[in-house]
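First up is the structure itself, then whatever we jot down about it.
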Amino acid sequence: EISACLVGSEMCIRDRVVSLSVIAFDFRFLFMEMAFIWLCIPFSDDDRGVHFESIHHIKQKKRRMNMKYFTKFLCLFLGAAMMLTMAACGSKSDTDANAGADGEKKQLVVATSPDFPPFEFLDGSQIVGIEPALMQAIADKLGMELVWEQVDFDSIIPGIQAERYDVGAAGITITPDRQKNCDFSNPYFLANQVIVVNPGSDIQGKADLAGKTIAVQTGTTAEEYCMDNGYSVLSFASNNDAQAALTSGKADAWVVDNEAAARMAADQSLTVLDEAMTSEPYAFAFAKGSSLVDQVNTALQELLQDGTVEKLFQEYDTVYVSPLS
Ligand code: ARG
């Protein structure tokens, strides 16, 4: 019982370890059952064939009875204490158990950088876009509740590694380097990098980028691409600032993912060059070994198959491009 209680309290501390919770969950019922059986054992000593009762004998019997009552109540007490511990921690042993005993849903902390329309952007103070909608559909399937954290793009993966966030949903491209630091869901979209310039710019394609100053968002695949190609790069924590560097003339070009480029360039009447420089599957990022990957993949697969994902893209006026295409 005590070891099961310990498992229960450890759950409070390490609530992401689903396998532990499965063990604790089973212990709970095992011990409740044992307590029940113990309660059903008759109290009487008659079956031992004791018929002659001296005072001494009666006293002994009384003591034994007291002992029995004591152990039964101890058993019950520990069982109840364990139930309470488990209830307080919330049960997480399977999909249904994402809702705790008291009906509270398991929280899923999602990190994003809402400077990337149509995938995530701010509507007032609310984070909206394709990914918040998609994550919500996934959370609904898993019986979880989303908690959004707004951060700079380059702190999403380190935050996931440090287990500050459960998921990264930020138009994150799967790359071999990132795969060393985190696990990814299956991809759900295919994007590419494009060049954005001011109207009338002499830059007409990537061949013209040499010797120019290029604005990018810090920690993105755009930054990686430009650095790998030896361009002179100006990096900004926010994608909006990278764009502003172009409009203000600090940078000659801005390299960014195609859908964000189309959306943000239209607002400022910038020119998006028609050249896909990379091919980038987007996926959700998780800590290495996270048990959430499988759960999210199952939900995502259903949403891809029943057309929900495509519909979400349509709602945000975006043509859906399958990563399998
Ligand atoms: N797809 C690119 C990457 O993974 C850019 C993502 C930027 N996302 C954002 N929410 N600002 O690096």
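Heavy-atom basis, side chains included; hydrogens, waters and symmetry copies ignored. Counting starts at 1 for both ligands and their atoms, following the listed order.
Residue Asn239 does not touch ligand 1, judged by heavy-atom distances below 4.0 Å. Contacts between Glu224 and ligand 1, counted as non-hydrogen atom pairs separated by less than 4.0 Å, are absent for every part of the residue.
Close approach of ligand 1 to Ile172 is summarised as follows: ligand atoms under 4.0 Å from at least one heavy atom of the residue are 4 (O). Of all atoms in ligand 1, numbered sequentially from 1 with element shown, those under 4.0 Å from a heavy atom of Glu120 are 10 (N). Within ligand 1, the atoms closer than 4.0 Å to a non-hydrogen atom of Phe153 are 3 (C), 4 (O), 6 (C), 7 (C), 8 (N), 9 (C), 12 (O), numbered from 1 in the order shown.
Ligand 1 has no N or O atom lying under 3.5 Å from any N or O atom of Thr112, backbone or side chain. Residue Ala170 has at least one nitrogen or oxygen atom sitting less than 3.5 Å from a nitrogen or oxygen atom of ligand 1, judged on distance alone. In terms of N/O distances under 3.5 Å, ligand 1 is approached by Ser113. At under 3.5 Å, a nitrogen or oxygen of Gly171, whether backbone or side chain, sits near a nitrogen or oxygen of ligand 1. When only interatomic distances are considered, the shortest N/O to N/O separation between Gln193 and ligand 1 does not fall below 3.5 Å.
Not close to ligand 1: Glu223, with no non-hydrogen atom less than 4.0 angstrom away. The closest approach between Asp115 and ligand 1 falls below 4.0 Å for a heavy atom of the residue. Tyr282 counts as a contact of ligand 1, since one of its heavy atoms falls under 4.0 Å from the ligand.
When each of Tyr165, Phe184, Tyr188 is paired with Phe284, the ring pair (Phe, Tyr, Trp, His ring centres under 6.0 Å) condition holds for Tyr188 and for no other.
Ranking the protein heavy atoms by distance from atom 3 (C) of ligand 1 puts Thr221 OG1, 3.3 Å first. In terms of protein heavy-atom proximity, atom 5 (C) of ligand 1 is closest to Asp257 OD1, 3.3 Å. When hydrogens are left out, the protein atom nearest atom 4 (O) of ligand 1 is Arg178 NH1, 2.7 Å; that is the closest non-hydrogen contact.
Within a 6.0 Å sphere centred on NZ of Lys288, heavy atoms belonging to other residues, nucleotides or ligands number more than 12.
Between the side chains of Thr318 and Arg263, at least one donor-acceptor pair of N or O atoms lies under 3.5 Å. Asn192 and Glu280 share no donor-acceptor pair across their side chains, judged by distance under 3.5 Å alone. Side-chain contact, Gln136 with Asp140: a donor N or O sits under 3.5 Å from an acceptor N or O. Side chains of Thr175 and Asp177: a donor-acceptor N/O pair is absent below 3.5 angstrom, by distance only.
Between Phe119 and Phe189, the ring center distance clears the sub-6.0 Å criterion.
The closest donor-acceptor contact from the side chain of Glu131 to the backbone of Gly171 lies under 3.5 Å.
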Check: residues 266-275 side-chain donor-acceptor pairs under 3.5 Å, at least two apart:
| from | atom 1 | to | atom 2 | distance (Å) |
| --- | --- | --- | --- | --- |
| Glu275 | OE1 | Lys206 | N | 2.8 |

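Legend: residues meeting side chain to side chain contact (heavy atoms under 4.5 Å, CB included) with Val128, ordered by chain and number and at least two apart, are Phe121, Asp123, Gln126, Tyr316.
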